[in-house]
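Before any comments, here is the structure.
Just so it is clear: chains get the letters A, B, ... in the order the sequence lines come, proteins before strands, and each one is counted from 1.
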Amino acid sequence: MSNEDILNPKQMPREPEKATLEGKNKFIGFWFFLGGETVLFASLFGTFLALRNSTAGGPGTEELFGLELVFIMTMLLLTSSLTSVYAMYHMKNNDFGKMQVWLGVTVALGLAFLGGELYEFNHYIHEYEFTFRSSALGSSFYTLVGFHGGHVLFGLLWIVTLMVRNAKRGLNLYNAPKFYIASLYWHFIDVVWVFIFTVVYLMGKVG
Amino acid sequence: MSTAVAQKKGFGAFIWDYLTTVDHKKIAHLYLVSGGLFFLMGGLEAMIIRIQLMKPDNEFISAGLYNEMITMHGTTMIFLAAMPLLFALMNAVVPLQIGARDVAFPFLNSLGFWLFFFGGVILNFSWFMGGAPDAGWTAYAPLSTTSPGHGVDFYVIGLQISGAGTLIGGINFLVTIVNMRAPGMSYMRMPLFTWTIFVTSTLILFAFPALTVGLFLMMFDRMFGSVFFDVAAGGNVIIWEHLFWIFGHPEVYILILPVFGVFSEVFATFSKKRLFGYSAMVFATVLIGFLGFMVWAHHMFTTGMGPVANSIFAVTTMAIAVPTGIKIFNWLFTMWGGSIKMTSAMLWSVAFIPTFTIGGMTGVMLAVAAADYQYHDTYFVVAHFHYVIVGGVVFGIFAALHYWWPKMFGKVLNEKLGKWAFWPFFIGFHLTFFIQHFLGLMGMPRRYWKFLEGQGLATGNLISTIGAFFMALGVIIFLWNVIYTAVKEPKASADPFDGRTLEWSIASPPPFYNFKQTPLVRGLDALWIEKSEGKKGMTPAEPLGDIHMPNGSILPFVMSFGLFIAGFGFIYQVDNPVWLSLVFIGMGILLGAMFVRSVKDDLGYHIHKEDLEKGDGQL
Amino acid sequence: MTKDTNSTHHNEFEKAEHKDEMKHQVISFAMMIIFTIAAFAVVATDAIGKYFTIPIILLLALVQVIFQLYYFMHLKNKGHEMPALMIYGGIAVAFMTILTFTTIIWW
Amino acid sequence: MKGWMGKFRALFMLGSLSLILSGCGVEKLSALKPAGYGAELLYDLMILSIAIMIFVFIVVMAIYTFVLIRYRRKKGQEDYIPKQTEGNKVLEIIWTVIPIILLLVLAVPTVQAVFDLAETSSDKADIRIDVTSAQFWWQFDYAGEEISTSQDLYIPKGKRVYLTMKSADVIHSFWVPSIAGKIDTNPGDNENTMYLEANEEGVYWGQCAELCGPSHSLMDFRVVVVSPEEYEQWVKDMKNADPEAKPETTVAQEGQKIFQNNCMSCHAIGAQPKGVGPNLTNFGDRSKVAGILEPTKENIVDWILNPNEHKPGNSMPPNLVNKEEAGKVAEYLMQLKPSEITPEDAK
């Protein structure tokens, strides 16, 4: 396949993300990377679970957490997962415009989520003096949730870069795999969040 | 384009070529040279340790410096010598063995190397910047989190950066093996070396994230005031032990599995026989990889996990002996009935069997959890892991270098010098480490700066030190062999050892595109099948056509350099926040390079059919 | 482009197929929302007591994640054998890790 | 289990394996010269595992030697192509099943021993000692007896002594090779337990087995095993130790004053108060100074003036007193021996 065919395909194939060898490699490689990320987050979850009662005299999880904000953030992130599914749906139908729109919605929801998280951290720090340094619980909480937040931020930058870079030229076999794995990444962030709201917040509230 | 650059002969162009290369064969050279240099550094540290322990109550180096030596010896040998040397072999051989023109992610391959390299450089910078890390290569908290100075900071940052490189390399080889095999090469037709690399890469993928997290926690504790390992604020130091060993145990299989692959190739080739029990070997490899994740806590029998956990981990650890035993017997029976030729590569492999059997035996002894209350953290353990890591990994690397040197550099290493290097190393090795089993049982804990008069440990330690000098001599002769071969030996043929696998079907060294036409694989030992049917080489699976090649890039070097700068910022911002500026500069360089990589299309280039027809290697 | 066709008919067929898949995905999204609400409700109302709550919300999370992996991320589709293998591998190691950190850290 | 293992050991005594091994190392230090319940149990396990492993090694080496001699390529065989065997089901099953059986033989006593040695919650416990490690010394608090001491751990022969282990700073590991195995001392709430049961009187080497800083290799201590009667006497003497008691000589009296002014803030004499440094009750009886130096006056003075010279990285400040004062303090410390039970009694 010549470079010209990749950049300006006459016809989009059924699975544009896997039409080239490079695309297939990216697809498989990224999934493998997510396998590794699973262990990374498991280690962070494990650390949090081991330290969840180590308050060092400071506030504990039951006292700290409120469910309302977490519920709203959860809904935002879950919905963003669906909107990125819509984006991929339009990618497969070779409808670049609609894909960009849905990616835009995804980014907006992700931003709102991040805003919520920052507000929440700020709240804990100022209202409860619960910080990264105040107790082992604090260290592990901010590390786990912060790692996830960092992933969200990176995902947003990544998707926006892709959107801007390709805005003028539309879909081709070179950028389709990039869009596809970005959306895989976004779903993975959502998977991690499902466990965060369950293990950190809900279990923290139960005590 | 890299070809254009390569034709300019100047030294600057040569350097530039290696800085920007994405060719797996050149990256193999980079890994080999830098891994080799770090190996010499680690060896020098080992010699200093052995001189310090030459006699009782010795004061050759101070206690603090001694702890730095043992820490750097362990860290260097594992992360900066053994791992990259194995990566050198993977890069040099795996794509050729599966009939691929390159790896799946040439750019990431280069990035992986440069991350490893700069990580190693940061770690070793510590010697000149106020002292090396001194908490042991295991860096148990809180000794490591409270260690004064910046030594352990260098450990954390250096390993974090080189660990990222390793993870990238692991994913790259997984995808390469999954996606890029030549037509006809099913999983059960892959050479065993490729199989072991596949399993090794899987272990890297699942083991390194635990280390990443552990290092982050330690970094946060040391540099940003978190309290994971500060018991006064509710921290728990056992978390580090678990995270380290969840990584650390698979790590030792990451080291040993590739050389199992090497030995499988060498035994088969130099016995002129198909590997005995190929499917059992594959199964054993996978099983070792799988069990490798269930045994880490045997490093922690004396931590106090309780009898239930100790028993479980004792039994799972013993279970690993079964697949390993299967391998030993399969190798023996590969040679059984064969026509054994004792080349240098074969010599190292043959020497491996008794050595590794002893290492495996002491491994089972250590798995006896209760008895480990006596062995743990003594010279018995030191002897055990040197028997498996030197007797296994280092012997394997030497065997592999002798075996694949023509494929990597176009010349066969001198046989006579090869044997001269082997004997002092082999004898020295057993002198150094066999006695250490007894030193441990006689009550000498490991990591002891000095032992005292009247403890009955003097003779054993002296013998051990003498052995170390023999090993050093062996290494020096090997280095001499490398130089001698480069100068004096003639160019090697494509298949100097009557090889069995695909890498021997192409020139030594191969052209940069490896295979002019992708070969068609018709079974295990693809080349052997063709040769036994009287054919000269492989049957092509495709007509001669344009070959797609990746573009070289300086970006991997730039990205890694950015992290290198940021690393110093992280280390020194504890003293003065001004240093944070380095973090921003370094991270800026990294993100900038990533951004460039992301927005600039890089589709590679094509070598045209007509150019290929003009002849091999002249491009 | 060797393998693909120019027929619009084929494209129509594909589009219909995508639409069908999209329908499944919307359904799984609805399920995920329901599970999430259920999990929050169980905790907020403290309806079933402390000892049952934790296993139930963990179970709800697990089911949700399976939807996410299999439908949103297409792990159920063909050509996902290797990804599935590596994800299972990751989950196995993750499980061991978390088991460890909840059992043999404290004693 | 013990009896069975005993017979097993007797069997191998004949095979001389055990004899060879027990020739290794010095008394009271080597794990190969066990003199306590734990060490003997572990020694038996070692012998069992070595025996099995040597059997395996002999089998491997027999095949190995045969193969290398028989199938070495000889002159004129350069073109010989051997038969390309794929494998052999029967052989492969044999070398899978036999190791499994051997490992089971090893696994059963392993698990038994692990649980045996972990049985530290027994009611039989008459002596409980809290062990606290610190860089680079050991504190021993006899629970229920109001006795504290450091570096020399007195225990009665033939009785089980239960230890609770913790650390004041980094992780250390408590190891008395001839009496029992080792266990880590962790900081924080991660306390460990083990027991010692010595069969012979004597002064045993104890060591730190987990890297803990520059002087890790110098963090020695002694376990002094005495008869139960002597132990009772020792306990009585320790309880009677009085930090205010007036020494006999004037030099020692001056030394006491200097000690009270400069050293008492860290070093306690008697059970209370607990200092950050080693407890020095009945110091005159100690077998070593700081666990490593011979108990002479010069060594004590030298230590007081420059502790870092002997144990790099330890936290005792140097030159708190001048040389003359140090001499007086040494004089005072050396006469702190109200106990009639000394390490000499154990020998």
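- The two residues B:Ile70 and D:Leu211 have their closest heavy-atom pair at CD1-CD2, 4.2 Å.
- With contacts defined as side-chain heavy-atom distances shorter than 4.5 Å, the pair D:Ser217/B:Tyr66 does not qualify.
- Taken from OG1 in D:Thr110 to CE in B:Met365, the straight-line distance is 11.0 Å, to the nearest 0.5 Å.
- Using a distance-only test at 3.5 Å, with no hydrogens or angles considered, a donor-acceptor pair links the side chain of B:Lys272 to the main chain of D:Glu78.
- In plain terms, the two heavy atoms of D:Ile183 and B:Gly304 that are nearest each other are CD1-CA, 4.4 Å.
- Counting heavy atoms from C-beta on, the side chains of B:Ile340 and D:Val67 come closer than 4.5 Å.
- More than 12 heavy-atom neighbours from other residues, nucleotides or ligands sit within 6.0 angstrom of CG on B:Asp57.
- Of the two parts of D:Lys182, the backbone and the side chain both hold a non-hydrogen atom closer than 4.5 Å to a non-hydrogen atom of chain B.
- Of the listed residues D:Glu86, D:Lys74, D:Met46, D:Gln135, the one with more heavy-atom pairs under 4.5 angstrom with chain B than any other is D:Glu86.
- With respect to chain D, the highest number of heavy-atom pairs below 4.5 Å among B:Gly325, B:Gly338, B:Ala369 belongs to B:Gly338.
- Interface remark: D:Pro187 contributes backbone and side-chain atoms alike to the contact with chain B (heavy atom separation under 4.5 Å).
- Residue D:Met61 touches chain B through its side chain alone, counting heavy-atom pairs closer than 4.5 Å.
- Between chain D and the residues B:Gly456, B:Ser279, B:Ala268, B:Gly277, the largest count of heavy-atom pairs under 4.5 Å involves B:Gly277.
- With contacts defined as side-chain heavy-atom distances shorter than 4.5 Å, the pair D:Val111/B:Pro307 does not qualify.
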Practice task
Check step by step if side chain to side chain contact (heavy atoms under 4.5 Å, CB included) holds for D:Asn88 and B:Phe333.
Solution key: CA-CA 10 Å; D:Asn88 184 320; B:Phe333 277 77; over 6 Å; no
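- In this structure the side chain of D:Thr96 reaches within 4.5 angstrom of the side chain of B:Val322, judged on heavy atoms.
- Ranking D:Ala118, D:Ala209, D:Ser173 against chain B, the residue ahead of the rest is D:Ala209, based on heavy-atom pairs under 4.5 Å.
- Checked by atom type and distance alone, the side chain of B:Gln374 pairs as donor or acceptor with a backbone atom of D:Pro177 at under 3.5 Å.
- Taken to the nearest 0.5 Å, the CD1 atom of D:Ile50 stands 8.5 Å off from the CE atom of B:Met361.
- Counting all heavy atoms, side chain and backbone alike, D:Phe115 lies closest to B:Ser311 at CE1-OG, 3.3 Å.
- Rounding to the nearest 0.5 angstrom, the gap separating the OH atom in B:Tyr373 from the CG atom in D:Leu42 is 8.5 Å.
- No more than 12 heavy atoms of other residues, nucleotides or ligands lie within 6.0 Å of CZ in B:Phe283, so this atom counts as exposed by the packing criterion.
- By the neighbour-count criterion of 12 heavy atoms within 6.0 Å, atom CZ of D:Phe55 is sparsely surrounded, having that number or fewer from other residues, nucleotides or ligands.
- In this structure, the portions of D:Ala31 lying under 4.5 Å from any heavy atom of chain B include both its backbone and its side chain.
- For chain D, the option among B:Gly64, B:Ala367, B:Pro354 with the highest count of heavy-atom pairs below 4.5 Å is B:Pro354.
- In this pair, D:Trp95 and B:Phe329 present their aromatic rings parallel. The plane angle is below 30°, not in the 30 to 60° band.
- B:Glu533 pairs by the salt bridge (Lys or Arg N to Asp or Glu O under 4.0 Å) definition with B:Arg522, B:Lys535, not counting sequence neighbours.
- Heavy-atom distances place the backbone of D:Ala180, and not its side chain, under 4.5 Å from chain B.
- Of the listed residues B:Ser532, B:Ala284, B:Pro445, the one with more heavy-atom pairs under 4.5 angstrom with chain D than any other is B:Pro445.
- Going from atom CD1 of B:Ile238 over to atom CG of D:Asn190 covers 4.5 Å, rounded to the nearest 0.5 Å.
- B:Val364 is not listed as a side-chain neighbour of D:Val56, based on a closest heavy-atom distance of 4.5 Å or more.
- No part of D:Leu104 comes within reach of chain B, as not one of its non-hydrogen atoms sits under 4.5 angstrom from that chain.
- Of the atoms belonging to D:Leu117, it is side-chain heavy atoms, and not backbone ones, that fall under 4.5 Å from chain B.
- Only the side chain of D:Asp220 comes within less than 4.5 Å of a heavy atom of chain B; its backbone N, CA, C and O stay farther away.
- Looking at D:Leu218, only its side chain comes within 4.5 Å of chain B, counting heavy atoms on both sides.
- Chain D forms the most heavy-atom pairs under 4.5 Å with one residue out of B:Lys341, B:Met444, B:Met300, and that residue is B:Lys341.
- Listed options B:Ile328, B:Val350, B:Val315 were ranked by heavy-atom pairs under 4.5 angstrom with chain D; first place goes to B:Val350.
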Handout entry: CA sep, side-chain torsions, deciding dist, call: B:Tyr140, D:Val170, side chain to side chain contact (heavy atoms under 4.5 Å, CB included)
Key = CA-CA 9 Å; B:Tyr140 274 15; D:Val170 303; over 6 Å; no
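- D:Glu92 is listed as a side-chain neighbour of B:Phe276, based on a closest heavy-atom distance under 4.5 Å.
- Closest non-hydrogen pair, B:Ser271 versus D:Pro82, comes out as O-CG, 3.6 Å.
- Interface remark: of the candidates D:Gln207, D:Lys28, D:Lys89, D:Met165, D:Gln207 forms the most heavy-atom pairs closer than 4.5 Å to chain B.
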Exercise for the section: For the pair D:Thr85 and B:Lys273, evaluate side chain to side chain contact (heavy atoms under 4.5 Å, CB included) and give the outcome as yes or no after the intermediate values. Expected result: CA-CA 7 Å; D:Thr85 22; B:Lys273 259 189 78 198; 3.1 Å; yes
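- Here D:Tyr64 is the residue among D:Tyr80, D:Tyr64, D:Phe66 with the most heavy-atom pairs under 4.5 Å with chain B.
- Per-residue counts of heavy-atom pairs under 4.5 Å with chain B were compared for D:Gly313, D:Pro99, D:Gly213, D:Ala39; the largest is that of D:Gly213.
- Contact annotation for D:Glu210: both backbone and side-chain heavy atoms come within less than 4.5 Å of a heavy atom of chain B.
- Residues D:Ser49 and B:Tyr375 come closest through the heavy atom pair OG-OH, 4.1 Å.
- A heavy-atom distance below 4.5 Å is found between the side chains of D:Leu68 and B:Met335.
- Side chains of D:Trp205 and B:Leu452 form a contact here, defined as non-hydrogen atoms less than 4.5 Å apart.
- When all heavy atoms are compared, the tightest approach of D:Gln84 to B:Arg274 is OE1-N, 2.8 Å.
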